[in-house]
Amino acid sequence: MQIPAADSATAAAVREKPALQRGELSALDDATLRAALRRMHLIRKFEEVAEQSYMRGLVHGTMHLSIGQEASAVGSTLHLRPDDYILSTHRGHGHCIAKGADPARMLAEFFGKETGYCRGRGGSMHIADLTTGNLGANGIVAGGLPIAVGVGMSIKAQKQSRVCMVFFGDGAANEGAFHESLNMAAIWKLPVVFLCENNKYGMSMDIANAMAVANVADRASAYGTRGITVDGNDLPAVAAAAKIAIDQARQGDGPTLLECKTYRLRGHSKSDRNLYRTKDEIEAWRQRDPIRRLQDELVAQQRIEARELAAIEQGAQHEIEEALEFAKSSADPDPAQLTRDVYAG
Amino acid sequence: MPAEVITQEAGVRQLSYAEAIREGLGQAMEADPRVFLFGEDVGVYGGAFGVSGDLLRRFGPERVIDTPISELGLAGAAVGAALTGMRPVLEIQFSDFVTLAMEQIVNQAAKIRFMFGGKASVPMVVRLPGGSGTGAAAQHSQSLEAWFAHVPGLKVLQPSTPHDAKGLLLAAIDDPNPVLIFEHKLLYKTKGPVPAEAYREPIGKAVVRRSGRDITIVGASIMTLRAAAAAEKLAGEGIGTEIIDLRSLRPIDFATIAQSVRKTGRLLIVYEGVKTMGIGAEIAAMIAESDVFGALVAPIARLGGADSPIPYNPSLEKASVPQEDDILAAARRLMHKRKR
Ligand SMILES: Cc1ncc(C[n+]2csc(CCOP(=O)(O)OP(=O)(O)O)c2C)c(N)n1
Ligand SMILES: [Mg+2]
């Protein structure tokens with residue numbers, strides 16, 4: 001694994017070509033690995049239930065599934081502390097669960113219920129759980145990046161030892177907000193981790209047609225900050241790279257642009273007909289399913305028994321089924337309260 | 001498949017609002033090599049709402065251009081291309097994202113002609129799917145047209161029918177000024193008669209959709225459809241409703257509104273954008289400032305969006321913008337009111 005220099009300003013470290021790195025399971029203890037696997041299953045089951053509920057007409061609107069990207073969400077947040085912050089995206093269910101949100105309240109939000117995280121006002125694209133440091137998903141591509149700069153300023157001003165991790169996609173890296181935010185975070189050495197989930201497409205736009213550099217992380221050099229690219233379907237690799245970025249942010253060494261190369265196995269949203277990619281490509285990535293991959297490695301390295309794997313998956317399944325019951329049986333908000341909470345105070 | 005519908009004999013066909021826009025785009029591109037369409041996912045995907053459909057296949061990637069997600073840059077690119085001899089049509093995927101492009105539209109596109117002393121023009125068209133009703137929540141459901149109607153130098157359109165969606169688009173492409181067209185997401189699948197030829201609807205002219213003598217309802221886009229449904233019920237109660245479809249917010253056709261209000265003496269303005277500081281305020285003030293004011297037999301009424309972001313929950317979402325029943329109730333209330 002290539003370890004970027006601690007001093008973010010050294011041009012040498014910055015110019016170092018980011019390479020896909022393999023992770024080592026040995027860096028993680030058994031309990032951490034079990035917890036990580038359980039979270040990955042929870043995310044997968046949550047999204048499968050969300051998808052089915054949508055298909056059955058139980059919920060309206062749209063949703064963006066991250067099925068296939070679970071290692072990136074769980075690995076990147078594995079070494080965050082409970083009081084660290086995250087900012088998420090439209091494809092944010094995974095980040096939310098990974099940071100410790102209750103899937104029942106998330107599903108209730110998805111169902112538009114008063115018991116949901118946003119009391120049914122926000123829906124899938126705006127779930128926020130302030131108690132776990134989750135400052136919210138975002139319906140605006142790259143909407144979270146400038147906010148992360150402000151969170152970093154706030155952490156610094158209050159002399160806290162927190163870190164803010166902001167998620168965004170490859171497509172978001174072409175918004176002005178991305179460039180402005182990286183620059184500010186770099187010049188002010190803010191405790192921010194810019195976590196790009198490069199799933200190859202921004203909706204139908206292949207990243208190869210949307211940017212002239214090979215990796216999003218290559219852009220880090222333009223801001224004099226660290227850039228790392230990892231195999232985003234390799235949980236230990238993501239966790240190891242994120243640990244470096246998190247530690248350096250916490251130590252006052254400024255931001256890192258960490259890119260997880262991954263793939264969304266489902267369409268962009270419900271209206272996607274997958275006209276821009278081939279079945280073969282989807283199938284090839286299905287073979288690299290991050291959950292199966294982690295399980296295979298755990299078994300191969302005798303870190304876990306196959307029997308226990310099934311129990312972890314079933315536990316997650318059970319939790320999501322209960323969450324669904326909670327969501328379905330919760331009450332709708334009262335339309336008379338429509339304009340409540342437009343203003344504070 | 002819409003392509004087949006389009007190749008039928010000339011005449012009037014039933015097309016959807018989305019098909020009508022696509023037909024207009026295709027005809028504009030066939031007729032004028034300066035016209036091109038660009039935006040996020042307008043090519044291979046066929047547009048987030050399926051409007052561009054097969055245009056990439058027909059016109060190729062030089063004229064139907066999939067872009068990175070860069071709204072400010074896209075709006076500026078439209079300005080630059082328009083300024084130097086092209087006729088760009090930009091699709092902003094959801095009208096909400098125009099907030100990222102405000103600088104180039106408001107500071108550049110709208111002002112260049114004036115600032116340059118009339119020596120340049122910016123003939124660009126921006127298409128913006130807007131409105132609520134799809135469960136897309138606060139950042140994907142807004143009605144921001146009034147913001148732009150506040151900017152001299154821009155023209156702002158809101159077609160309600162497939163016929164107008166095509167005719168106004170073609171007029172906008174011809175127009176030497178920046179024109180913003182707010183399309184409504186819920187209208188894309190609605191059908192209506194559309195002539196096959198490339199016709200234009202005049203920018204700045206409202207139409208009377210229904211004649212009546214008791215009450216005037218002014219609206220645009222989907223609100224005119226909801227008003228029409230309400231008017232049917234009002235007719236059953238013996239109330240004659242006149243419906244004015246604005247089609248264009250800037251310039252606004254005050255003469256048509258004034259003529260109707262002079263006849264009915266009652267005015268209800270219905271719009272999906274937030275009621276406060278919205279288009280209703282402007283129309284009401286125009287009436288109040290004019291000699292039509294004396295013809296009013298009841299106070300002017302406005303029915304607009306709630307003073308809140310659009311909520312996700314379906315029943316809250318419905319409650320946040322005027323529905324047919326709200327229009328009906330407001331019209332009935334107005335019929336019972338008298339000016340003191
Ligand atoms: C400012 C803005 N522009 C466009 C969109 C519409 N949109 C939503 S997600 C998306 C693709 C985003 O791609 P990426 O950042 O790679 O994230 P991914 O969906 O792949 O997770 C687009 C174009 C939006 N929500 N906000
Ligand atoms: Mg992407």
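Only a predicted model underlies this, so the values are computations on that prediction, with no experimental measurement involved. Lettering of chains follows the sequences in order, A, B, ..., and the numbering in each one begins at 1.
Ranking B/Asp96, B/Thr67, B/Ile310 against chain A, the residue ahead of the rest is B/Thr67, based on heavy-atom pairs under 4.5 Å. Among B/Ser308, B/Gly43, B/Ala319, B/Gly46, the residue making the largest number of heavy-atom pairs under 4.5 Å with chain A is B/Ser308. The choice from B/Pro314, B/Ala137, B/Pro311, B/Ala306 that makes the most heavy-atom pairs within less than 4.5 Å of chain A is B/Pro314. Between chain B and the options A/Glu175, A/Met211, A/Glu114, heavy-atom pairs under 4.5 Å are most frequent for A/Glu175. Among A/Asn138, A/Asp272, A/Val59, the residue with the largest count of heavy-atom pairs under 4.5 Å with chain B is A/Asp272.
Within residues 140-148 of chain A, the residues that have a heavy atom under 4.5 Å from a heavy atom of chain B are A/Ile140, A/Val141, listed by number.
Annotation for B/His150: atom NE2 does not count as buried by contact number, only 12 or fewer foreign heavy atoms lying within 6.0 Å. Summarising the local packing, CD of A/Glu283 is surrounded by more than 12 heavy atoms from other residues, nucleotides or ligands at distances under 6.0 Å. Other residues, nucleotides and ligands contribute more than 12 heavy atoms inside 6.0 Å of the NZ atom of B/Lys111.
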Review point. How far apart are the C-alpha atoms of A/Met205 and B/Ile69, what are their side-chain angles, what is the distance that settles it, and do they pass the side-chain contact (heavy atoms from CB on, under 4.5 Å) test?
Key: CA-CA 9 Å; A/Met205 189 69 164; B/Ile69 309 170; over 6 Å; no
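Interface residue B/Glu317: only side-chain heavy atoms are found under 4.5 Å from chain A. In this structure, the portions of B/Leu316 lying under 4.5 Å from any heavy atom of chain A include both its backbone and its side chain. Residue contact with chain B, scored on non-hydrogen atoms closer than 4.5 Å, involves the backbone and the side chain of A/Ser271 alike.
Of the possible polar contacts, none joining the B/Tyr45 side chain to the A/Tyr276 backbone as a donor-acceptor pair under 3.5 Å is found.
Interatomic distance, B/Glu40 CD to A/Met203 CE, rounded to the nearest 0.5 Å: 9.0 Å. We find the OH-CG distance between A/Tyr343 and B/Asp307 to be 7.0 Å, quoted to the nearest 0.5 Å.
Between the side chains of A/Asn174 and B/Ser70, no donor-acceptor pair of N or O atoms lies under 3.5 Å. For the residue pair A/Asp332 / B/Asn313, a side-chain donor-acceptor distance below 3.5 Å is found, with atom types taken as modelled.
Aromatic ring orientation, B/Tyr312 versus A/His60: tilted (interplanar angle from 30° to 60°).
Just one of A/His126, A/His90, A/Met125 meets the side chain to side chain contact (heavy atoms under 4.5 Å, CB included) condition when paired with B/Gln139; it is A/His126.
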